[in-house]
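So the structure is just underneath, and the comments pick up after that.
Just so we're on the same page: letters track the sequence lines, and every chain starts at 1. Every value quoted in this text rests on a predicted model; they were computed, and no experiment measured them.
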There are 2 protein chains.
Amino acid sequence: MPNAPIPAKTALKSHRSTGRITLSDVARAAGVSPSTVSRALRGERAVDPALIERVQAVSDKLGYVPDPAARALASQRSNHVAILIPLLSNALFVDLLDSAQKTLRAGGYQTLMGVTHYDSSEEEQLLREQLLHRPAGLLVTGLDHNPATRKLMHSSQVPCVHLMDLPAAQREDAPYCVGFRQTDAGAAMTRHLLAQGRKRIAFAAAQLDPRVMQRLFGWRSALQEAGVYEPTLEFLNPAPSSLALGGILFEQIMQQRPAVDAVFFCNDDLAQGALMAALRLGVSVPAQVAIAGFNDLTGSDQMLPPLTTVRTPRARIGEAAAQMLLSLMRGETPPVPQLDLGFEIVQRQSS
Amino acid sequence: MPNAPIPAKTALKSHRSTGRITLSDVARAAGVSPSTVSRALRGERAVDPALIERVQAVSDKLGYVPDPAARALASQRSNHVAILIPLLSNALFVDLLDSAQKTLRAGGYQTLMGVTHYDSSEEEQLLREQLLHRPAGLLVTGLDHNPATRKLMHSSQVPCVHLMDLPAAQREDAPYCVGFRQTDAGAAMTRHLLAQGRKRIAFAAAQLDPRVMQRLFGWRSALQEAGVYEPTLEFLNPAPSSLALGGILFEQIMQQRPAVDAVFFCNDDLAQGALMAALRLGVSVPAQVAIAGFNDLTGSDQMLPPLTTVRTPRARIGEAAAQMLLSLMRGETPPVPQLDLGFEIVQRQSS
DNA sequence: CTGAAAGCGCTTACAG
DNA sequence: CTGAAAGCGCTTACAG
C-alpha cells in the first residue's frame, strides 16, 4: 500500500500534542539524532563543528527552547540557584539579592529566594524545600548554620557560596565565600573615632546576628587596644533594626551616660534614627557627640549632618559571589576561594 | 528455582539509582498502583477514603516528597509562581514581594521573581523566560504592558493577578487585580492640603511611571475642582526616586516659586529628602511650606517634623493578590475580581 | 473507584 | 564523533 495515507501518529510527530517545539523536531529538521542535538546545543565537546553549526541554525530557525523541567528530570539538575537571606526589610540584603540575581540571570539561571527571618530552623526548612528543585547552586548568607543545615548543604553536593562573612582563619576546609572582615570593620571605625579624639565611645546594636556581634568584638578590641574599654558602654537590643529603635537607643544612651562623646551604631538605619533624635532633643552632632553608622545605606549622605559610616561592598559581594558560583557550576575551581572585598570608612560631618 | 537469589534488577527497584524515594516506592509499600498513590496524595476525588489514609500513612513513613520537575513535566504545570516587579530599590515593591512570597509559600508555591526596571521590553523578555518554567500563576505590577506581553499573558492561559492598580472603570473584560485608586489617593491628599488652607500646592515627582502619573492626575483634578490649578506648579523628573533627588527638587521649587505653600511629593523618599533639605536651608515646615509624601515608607514617622503622607496597603495588596491567585489556581472564581484595598491619609506635623 | 500503559521532553551511559 | 535505547519520576486519558 504505497499510497496509503500517512498514519496519524506519524503526522502528529512533527509537533507533540502540547504544540511545543522539541529536541526531536530540531533533530528531524537537521537530519541528526536527538542525542546529537542535545550535545551540540549544550556545547559538549566531541561533536563535529560543522554539525554544531547546522543544528544551531535549525534550532534558531524553529525557535527551539529547551524545557527546563525535562532537562532537570533527566539530568538531576535544574537551572535554579537558591539564595537564602535573613530579611527583605533590610536594604543590605535586598542589594545583595538584586546584584546576585542579575548576575545569575545573565548566566542563564533562575533565582529561587528564601527568607529565613534569622531563624535557623526556618533556614533548614527552606533549604529542604529548595533542594527538592535540585538547584544547580546555592548562595547563603553568613557562615553560621545549624548542624542539620550544614549536613544538607554538604550531602546534597550542590556547589555553595557564602555571602558577607569570611572565616576567622584561612583553613584547609574553609567554605567558598565572598565578603569582608566584619570584626576588622568594627575595629577600624572605632579607631577612626579614637583618632578624632573621642574618649567614651558607646556601641549600640540591634538584631544581634552573628555579623553584628563581630562588629561588637571589633569595637571592643580597638578600645582595649587603646586602654579605654568599658563594658557598660555596650547597648545591645535584640529587636529588629529600624530608625525608630535608633532614636530610642540614642535617647537612652544620652540619658544614662551623658558623658559619652561618640556612639557607633551597628547599622545605618539606627544611626539615621539617632541623628533625627539628636535634632529633636537639641543634642549637637558632632560637637557634643559623634555618631557613626555601618553599611552606608541610602539616605545616610542626606542626613543632617551627613552620616559618617562604613561603606560595605554589598552589590559587589552579590555579584562576585554569583560569579564564583557560576564558575563552580561549570566545574571550575575558583582561584580565590575566600574572597575579601574589604570596606571603606566614609567620613562625613557626623563625626 | 525457588531459592534463587532475587535478581539484581528487582532488588534495585526498591530505590531508583538516584536513591530518591519515589511514587512507585510508596505504591509498592502500600500495595496499590502508582496511579492511585498519585491521585490519593493530590486529594483527587474518586479515591476510596480508606485508601487515601493508608497511602498517606505509608508516604509519611517513607518520607516521600514528590519531585517537582517530574510533576511539571508530566502535568505541564509547575509549582512556580512568577512575579514581575519594576525595582528592588523601591521599598514599596520589596514589601509587595515579601508579603506575596510569604503567602504563596504557605500555599506550596515557589516564587520566581523578575525585575523589569520599568522597561516594557525587559518585562516581555522576563515573562518569556518565566513561562518556560510553566508557572502555575502570574503576579504582575500594574496594568500597563506592551502588546506582546499582553498576548503572552493571554495565550499562555496562566492565571494572572495584577498588583497595585485598578482599571479606571468596571468593565466586563477587566483583569484580576488588587490595589487601590491612585488617582483618588492623589486627589485626596491634595484636598487635604487645600482643607488646611494651602493655596499654592506644587506636585513634585520622579520616575513618572503610570501610577505616579495617576497621582498627578488626581492632584490636577482636585486643584481644578477648587479653581486653583496652575500647570507651572508641576515638577516632573523622570530620574529614579531618591532622597537626594527630593532635596534637589525641593530646593529648585523654593528657588523658582518662593510663593508655593505646599509640596506634594509622589513618593516618601522624595519627601524625606525635601524635609532634610528644608532643615539645611532653614525653610520652616509646615509654617512656611507644608510637605506631603506618598506610601508611608519606613522612616517617615521619624522625620523632623514627621511626614504627612498617604498610607498604602502594600503588604495587604501582596497578600490578597497571592490569595486571589491561589484560588484561581485551584480553579475557583474570585468573588471580587477587582479588589480595592483603599488608602489612608496620615496627617503628621509636616502639614 | 482502580490499574496498565503511554507520554511529558530531555540526558546519558553504552555501543559502534 | 554519532545514534538507539533506556530512564528520570511523575500525570492522565483510557479501560474496566
Original post:
Among residues 59-74 of chain A, which residues get a heavy atom nearer than 4.0 Å to DNA chain D?
Top reply: A:L73, A:A74

Subject >> Pair listing, salt bridge (charged side-chain N to carboxylate O under 4.0 Å, His left out) test, anchored in residues 154-163 of chain B, at least two apart >> reply: none

**OP:** Report yes if at least one side-chain N or O of A:R42 is closer than 4.0 Å to OP1 or OP2 of C:dT12; otherwise report no.
**Re:** yes

**OP:** Determine whether B:V178 and B:Q323 make a side-chain contact, defined as any pair of heavy atoms from C-beta on separated by less than 4.5 Å.
**Re:** no

**OP:** Apply side-chain hydrogen bond (donor to acceptor under 3.5 Å, both in side chains) to A:S38 and list each qualifying residue two or more places apart in sequence or on a separate chain.
**Re:** A:R42

**OP:** Using side-chain contact (heavy atoms from CB on, under 4.5 Å) as the criterion, list what pairs up with A:A69, not counting sequence neighbours.
**Re:** A:D67, B:A72, B:L73, B:R134

Original post:
Rounded to whole angstrom units, what separation is found between the CZ atom of B:R20 and the P atom of D:dC10?
Top reply: 7 Å

Original post:
Can you tell me how far P of D:dG9 sits from CG of B:L41, to the nearest Å?
Top reply: 16 Å

Subject >> Plane angle bin for B:H145 and B:H162 - parallel if under 30°, tilted between 30 and 60°, otherwise perpendicular >> reply: tilted

**OP:** Report the distance from atom CG of A:L23 to atom C1' of D:dA4, rounded to the nearest whole Å.
**Re:** 15 Å

Grab the N/O contacts between the protein and nucleotides 13-16 of chain D below 3.5 Å, and write none if there aren't any.
from: D:dA13; atom 1: N6; to: B:R39; atom 2: NH2; distance (Å): 2.8

**OP:** Return the set of residues passing ring pair (Phe, Tyr, Trp, His ring centres under 6.0 Å) with B:H133 (not counting sequence neighbours), or none when no residue passes.
**Re:** A:H80, B:H80

Original post:
Using Watson-Crick and G-U wobble pairs whose two distances are both under 3.5 Å, how do you write the pairing of DNA chain D as dot-bracket, with | for links to another strand?
Top reply: |||.||||||||.|||

**OP:** Figure out the CZ/P separation between B:R134 and D:dT11, and round it to whole Å.
**Re:** 14 Å

Original post:
OP1 or OP2 of D:dG3 less than 4.0 angstrom from a side-chain nitrogen or oxygen of A:S33, does that happen here?
Top reply: yes

Subject >> Nucleotide C:dG9, atom P - distance to CG of B:L132 in whole Å >> reply: 13 Å

Subject >> Nucleotide D:dC8, atom P - distance to CD1 of B:I21 in whole Å >> reply: 15 Å

Original post:
With B:P66, which residues qualify under side-chain contact (heavy atoms from CB on, under 4.5 Å), at least two apart?
Top reply: B:Y64, B:R71

**OP:** Under the side-chain hydrogen bond (donor to acceptor under 3.5 Å, both in side chains) rule, collect the residues that match up with B:D119, sequence neighbours excluded.
**Re:** B:S121

Original post:
Taking for each residue the nucleotide of DNA chain C bearing the nearest heavy atom, is the 5' side occupied by B:L51 or by B:S75?
Top reply: B:L51

**OP:** Count the heavy atoms of every other residue, nucleotide or ligand shown that sit under 6.0 Å from CD of A:E44, and state whether that count exceeds 12.
**Re:** yes

Original post:
side-chain hydrogen bond (donor to acceptor under 3.5 Å, both in side chains) with B:D165: which residues, sequence neighbours excluded?
Top reply: B:Q214

**OP:** Measure the distance from CZ on A:R28 to P on D:dT2 and round it to the nearest whole Å.
**Re:** 19 Å

Original post:
Can you tell me if the side-chain N/O atoms of B:S38 get under 4.0 Å from OP1 or OP2 in D:dC10?
Top reply: no

Subject >> Partner set under side-chain hydrogen bond (donor to acceptor under 3.5 Å, both in side chains) for A:H154, not counting sequence neighbours >> reply: none

Original post:
Please, which pairs that meet side chain to side chain donor-acceptor pair (under 3.5 Å) have at least one residue in residues 97-112 of chain A, sequence neighbours excluded?
Top reply: A:R105-B:E129

Original post:
C:dT11 P sits how many Å from A:E44 CD, rounded?
Top reply: 9 Å

